[in-house]
Amino acid sequence: MPEGEGWLAAAHYCQLLRAVPCVFCSKDRREQLDDARDLPPLLNDTPAPPSLSKKRMNWRLLLLMAAIFLAVLVSLFNILMPARARANGANQWQKAFMGAVNNASIRNHLFQLTKEPHVAGTPEDFATADYVFQRFQEYGLAVHYTDYDVLLSYPLHRSLILTAGPTQEPPLELSLKEEPVEGDLYSQNPKVIPTFHAYAPSGNVSGEVVYANYGRLEDFQKLAAMGIDVKGAIVVARYHAIYRGDIVENAANAGAVAAIIYSDPQDYAANYTQEVYPHSQWLPPSGIQRGTVSQGVGDPLTPGWPSTPKAERISTSDPEAMLPTIPSLPISAEDAKPILASLGGPVSPAEWHGALDLPQYRLGRGPGVLNLSFSANQTVTRIRNVIAVIKGSEEPDRYVILGNHRDAWVFGAVDPNSGTASLLEVGQQLGELVQKGWKPRRSIVLCSWDAEEYGMVGSTEWVEQNIDILGTSAVAYLNVDCGVSGPGFSAGASPQLDNLLQEVTKQVKDPDSVDHSVFEQWVASHKGSTPLIHRLGGGGSDFVAFLQHAGVPALDLQFGDDDYPMYHTAYDNFHWMEKFGDPLFHRHVAVTTLFGLMAMRLSSDALLPLDFVTYAKELESYAMGVQMELAECNALGVSANPLVSAISNLKSAALQIKQQLKQAQGSSSVLLLLRRRFINDRLLQVERAFLDDRGLSGTGRSWYKHLVYGPVSSNAYGTSFFPGIKNSITLALSASSKHDDAAKMRQWAAVQHEIWRVARVVERAALVLQGSLT
């Protein structure tokens, strides 16, 4: 900090103390401060007291001076406390938190939360909001509700009838039901919502069946290459490779009139080489995966602004609502088998074969014919977020945000309530530490989101409503969704959080190892020297609005696999969790401990533990990938040099601020305290610099503002680095085989434009780190 700035800050500090001599200033400096009397006051002057006798006024003045003097001493003690003492204190609080996390408490939370199915917008879902609210209140946290009115959909009628050919009598009406399981009372609950796809339009359609493997873009291209016409057909595809909404959109783009998606035992039941639930963790034949098929994020009727009660709303037919255009249904492997058995036509490629008991997987078209009838109630419905706050003691205007969604398609023991139980336990243990004297430097906000299953609705509406405050004040967003579904830790994060995450995982014992940390087992699982940390470009959970729309660094933690066997079925319940997912709830303890330690470090470290050297090095590797891709495809006059240069500047700025962070360590002073604040402000603003107001190029992608990480254009769950560049190269290569030279030049010019766009946001990030005007 320039010397003049430091003394100006000190002047403001002394102005607060008014009558207390400036202990930080020399006599000469105090004289200089006389010139600062015209500075705007930080606090309004209080009116003078009524006239008193001189003696009484002197006594009151002395008492006032004594009180101020004591307050200053306490303040100075806190400010000037040696860094080592502060660190030792922080370590003691962290150890206290680690020792307090309780598996019995977490188990009870999960049991209570999963007693009934609780789809967003239902009374049972509001009951879970009340449960979370009451628990936070018991823990001494300031808590409130935040409601929104959003478009949700519920099934009214479904039927799927198979006619296998002209000789079959009678037609077969498929079950579309999940069968109760022996010993699992949850699976017999009459409140279980019928299987459906949220936001699928109502319709009654018939068509010959075509099998499309995983429903990816390349699968439809393969069908076309093999001469299989999809127009007017009903497509049957299997879950597992891409987002279900992309399967439906790919089918619609290929001309299909409807899409049916099932869970093949190859992907969800170990090829039927083992027993299935209730005798093992694998999906039984009648299991059906529900889920949304919207292409948007948040409330479809308020794209880009919050869905408050009196908000503007667009029509469901507006393209910006990004709702599907053809009906679709999820079905079980049990129902899929007779459909696929009814197909003739060519035998599918070997890699398209699943594990159904069929001689062959054929492509069709037909002779099997399906009639699909579906009716849905699409209605604007109230949803409820629960927000609790632990106020920071020194920087209450800086927020470390923890979140998890609460709504589930059925019981949701894994998705999401293993995460909700973890969030509640973090809230309880941090609340108890506050009662014992712990004070986070920055505020901690704990958020229980609603309607995530419909497309991250609750969290997105909250981010859109608070985006300006988040832009200036949010430090990071920490997410736990499917907190526990089995063994094996995995994480996704913004790169500046990598080092902190690795430090924290070294502190926590792995729940499935006798003498190893989470970090050691994590590294061993990838057979390397460093763990694999995924990037959060896709739209799989509530981190998406924070990172992709608001530019807040994000983290996602879990034990087990996202696409676990019981995903979005009635069998994802407390019985399955206690029998297979985490019988002793030790994995819950581990993920909760990691969740809480990350929050404690980010809220309490004097200097934010964010490392942008790691970020810059990763961007260097991405830029090399772009250069190689351009060379391989013989790009016409396209250069990645602007991007390479911008990343070099970012790396230099990252190294510079890393050195400044070292210099800001050690004993404190008021000026050093201010310098730390200035450094921290730069660190938390860098991610925002990677945003571009115009968003990603391409239809429906402008809501995604982050130009470094984003969703894959053909799979909303997938993550792409430099998504705009990658997508433009794909379009240019596609155009190269279809258009004349002028059209090809335009496409490659679009690639160069995307490179420049990314280069500009990287340059902005470098300037933010440098912290000075050009």
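- Between the OG atom in Ser448 and the CD1 atom in Ile387 there is a gap of 8.0 Å [rounded to 0.5 Å].
- Applying the salt bridge (Lys or Arg N to Asp or Glu O under 4.0 Å) test to Asp515 and every residue at least two apart in sequence or in another chain returns nothing.
- A heavy-atom distance below 4.5 Å is found between the side chains of Leu497 and Leu610.
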Side-chain polar contacts of residues 760-768 - donor-acceptor pairs under 3.5 angstrom, sequence neighbours left out - could you list them?
| residue | atom | partner | partner atom | Å |
| --- | --- | --- | --- | --- |
| Glu763 | OE1 | Asn649 | ND2 | 3.3 |
| Glu763 | OE2 | Asn649 | ND2 | 3.0 |
| Arg764 | NH1 | Leu691 | O | 3.1 |

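- Partners of Thr505 according to the side chain to side chain donor-acceptor pair (under 3.5 Å) rule, which considers only residues two or more places apart in sequence or in another chain, do not exist here.
- Annotation: side chain of Arg757 is in contact with side chain of Asp692 (closest heavy-atom distance under 4.5 Å).
- Side chains of Asn385 and Thr146: a donor-acceptor N/O pair is absent below 3.5 angstrom, by distance only.
- In this view, Lys705 satisfies the salt bridge (Lys or Arg N to Asp or Glu O under 4.0 Å) rule with no residue, not counting sequence neighbours.
- Here the shortest heavy-atom pairing between Val480 and Asn404 reads O-ND2, 2.8 Å.
- Listed by chain and number, the residues in a ring-ring contact (aromatic ring centres under 6.0 Å, His included) with Tyr622 are Tyr709, Phe721, Phe722 (sequence neighbours excluded).
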- List the steps and the verdict of side-chain contact (heavy atoms from CB on, under 4.5 Å) for Phe690 and Leu707. CA-CA 6 Å; Phe690 292 127; Leu707 298 192; 5.9 Å; no
- Start with the C-alpha distance between Glu754 and Ser697, add both sets of side-chain angles, then the distance that settles side chain to side chain donor-acceptor pair (under 3.5 Å), and finish with yes or no. CA-CA 9 Å; Glu754 290 297 328; Ser697 301; 2.6 Å; yes
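- Side chain of Arg676 to main chain of Leu607: no donor-acceptor pair is present (N/O by atom type, distance under 3.5 Å, no hydrogens or angles).
- Of the possible polar contacts, none joining the Glu461 side chain to the Gly458 backbone as a donor-acceptor pair under 3.5 Å is found.
- Summarising the local packing, NZ of Lys439 is surrounded by 12 or fewer heavy atoms from other residues, nucleotides or ligands at distances under 6.0 Å.
- In this structure, the side chains of His549 and Val297 stay at 4.5 Å or more apart for every pair of heavy atoms.
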- Item | Val626/Ile725 under side-chain contact (heavy atoms from CB on, under 4.5 Å): CA gap, chis, key distance, verdict | CA-CA 8 Å; Val626 171; Ile725 297 174; 4.2 Å; yes
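- When all heavy atoms are compared, the tightest approach of Lys651 to Ala616 is CA-CB, 3.6 Å.
- A distance of 15.0 Å separates CD1 in Ile401 from CZ in Phe543, rounded to the nearest 0.5 Å.
- A heavy-atom distance below 4.5 Å is found between the side chains of Arg442 and Asn680.
- Checked by atom type and distance alone, the side chain of Thr719 pairs as donor or acceptor with a backbone atom of Gly538 at under 3.5 Å.
- Between Ser418 and Cys482, the shortest heavy-atom distance links the atoms OG-C, 3.8 Å.
- The minimum heavy-atom distance between Ile390 and Pro440, with the atom names listed, is CG2-CG, 3.8 Å.
- Glu452 and Ser459 share no side-chain donor-acceptor pair at under 3.5 Å.
- Asp562 meets the salt bridge (Lys or Arg N to Asp or Glu O under 4.0 Å) test with no other residue; sequence neighbours excluded.
- Scanning for side chain to side chain contact (heavy atoms under 4.5 Å, CB included) contacts around Lys506 gives Phe519, with sequence neighbours left out.
- Scanning for side chain to side chain donor-acceptor pair (under 3.5 Å) contacts around His516 gives Ser513, with sequence neighbours left out.
- Partners of Asp498 under the salt bridge (Lys or Arg N to Asp or Glu O under 4.0 Å) rule, at least two apart in sequence or in another chain, are Arg535.
- Ile679 places a side-chain heavy atom less than 4.5 Å from the side chain of Ile657.
- Taking 4.0 Å as the cut-off between side-chain N and carboxylate O, Arg677 and Asp397 count as a salt-bridged pair.
- Note that CD of Gln435 is 8.5 Å distant from CD of Glu432, once rounded to the nearest 0.5 Å.
- Asp542 CG to Thr460 OG1: the interatomic distance, rounded to the nearest 0.5 Å, is 7.0 Å.
- Applying the salt bridge (Lys or Arg N to Asp or Glu O under 4.0 Å) definition to pairs two or more places apart or across chains, those involving residues 603-612 are Arg601-Asp605.
- The two residues Ser443 and Pro396 make their nearest non-hydrogen contact at OG-O, 2.8 Å.
- Scanning both residues, Ile755 and Ala640, for their nearest heavy atoms gives CG2-CA, 4.1 Å.
- Donor-acceptor pairing under 3.5 Å is recorded for the side chains of Glu464 and Trp703.
- Heavy atoms from other residues, nucleotides or ligands lying under 6.0 Å from CG of Leu655 number more than 12.
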- Task: Start with the C-alpha distance between Gln548 and Leu536, add both sets of side-chain angles, then the distance that settles side-chain contact (heavy atoms from CB on, under 4.5 Å), and finish with yes or no.
- Result: CA-CA 9 Å; Gln548 298 296 326; Leu536 301 176; 5.7 Å; no
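- Atoms OG and CG, from Ser525 and Leu532 in turn, are 8.0 Å apart once rounded to the nearest 0.5 Å.
- In this structure, Arg701 contributes its side chain and Leu696 its backbone to no donor-acceptor pair below 3.5 Å.
- When only modelled atom types and interatomic distance are considered, Tyr615 and Glu687 share a side-chain donor-acceptor pair under 3.5 Å.
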- Would you please test Asp510 and Phe559 for side-chain contact (heavy atoms from CB on, under 4.5 Å) and show each step? CA-CA 10 Å; Asp510 189 87; Phe559 279 84; 4.2 Å; yes
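- Distance check, rounded to the nearest 0.5 Å: CG of Leu555 to CZ of Phe546 gives 13.0 Å.
- For Ser621 (side chain) and Glu618 (main-chain N/O), a donor-acceptor pair under 3.5 Å exists by modelled atom type.
- Checked by atom type and distance alone, the side chain of Asn466 pairs as donor or acceptor with a backbone atom of Trp462 at under 3.5 Å.
- Judged purely by atom type and a 3.5 angstrom limit, Arg688 uses its side chain to pair as donor or acceptor with the backbone of Gly551.
- Listed for the Gln558 side chain is a donor-acceptor partner under 3.5 Å among the backbone atoms of Gly560.
- Legend: residues meeting ring-ring contact (aromatic ring centres under 6.0 Å, His included) with Tyr704, ordered by chain and number and at least two apart, are absent.
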Taking only distance into account, with no hydrogens and no angle test, what donor-acceptor pairs under 3.5 Å do side-chain atoms of residues 422-429 form with protein atoms, sequence neighbours excluded?
| residue | atom | partner | partner atom | Å |
| --- | --- | --- | --- | --- |
| Ser422 | OG | Thr592 | OG1 | 3.0 |
| Glu425 | OE1 | Ser105 | OG | 2.7 |
| Glu425 | OE2 | Asn102 | N | 2.9 |
| Glu425 | OE2 | Gln429 | NE2 | 2.9 |
| Gln428 | OE1 | Ser105 | OG | 3.4 |
| Gln428 | OE1 | Tyr139 | OH | 3.4 |
| Gln429 | NE2 | Ala100 | O | 3.4 |

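- Judged purely by atom type and a 3.5 angstrom limit, Thr472 uses its side chain to pair as donor or acceptor with the backbone of Ile469.
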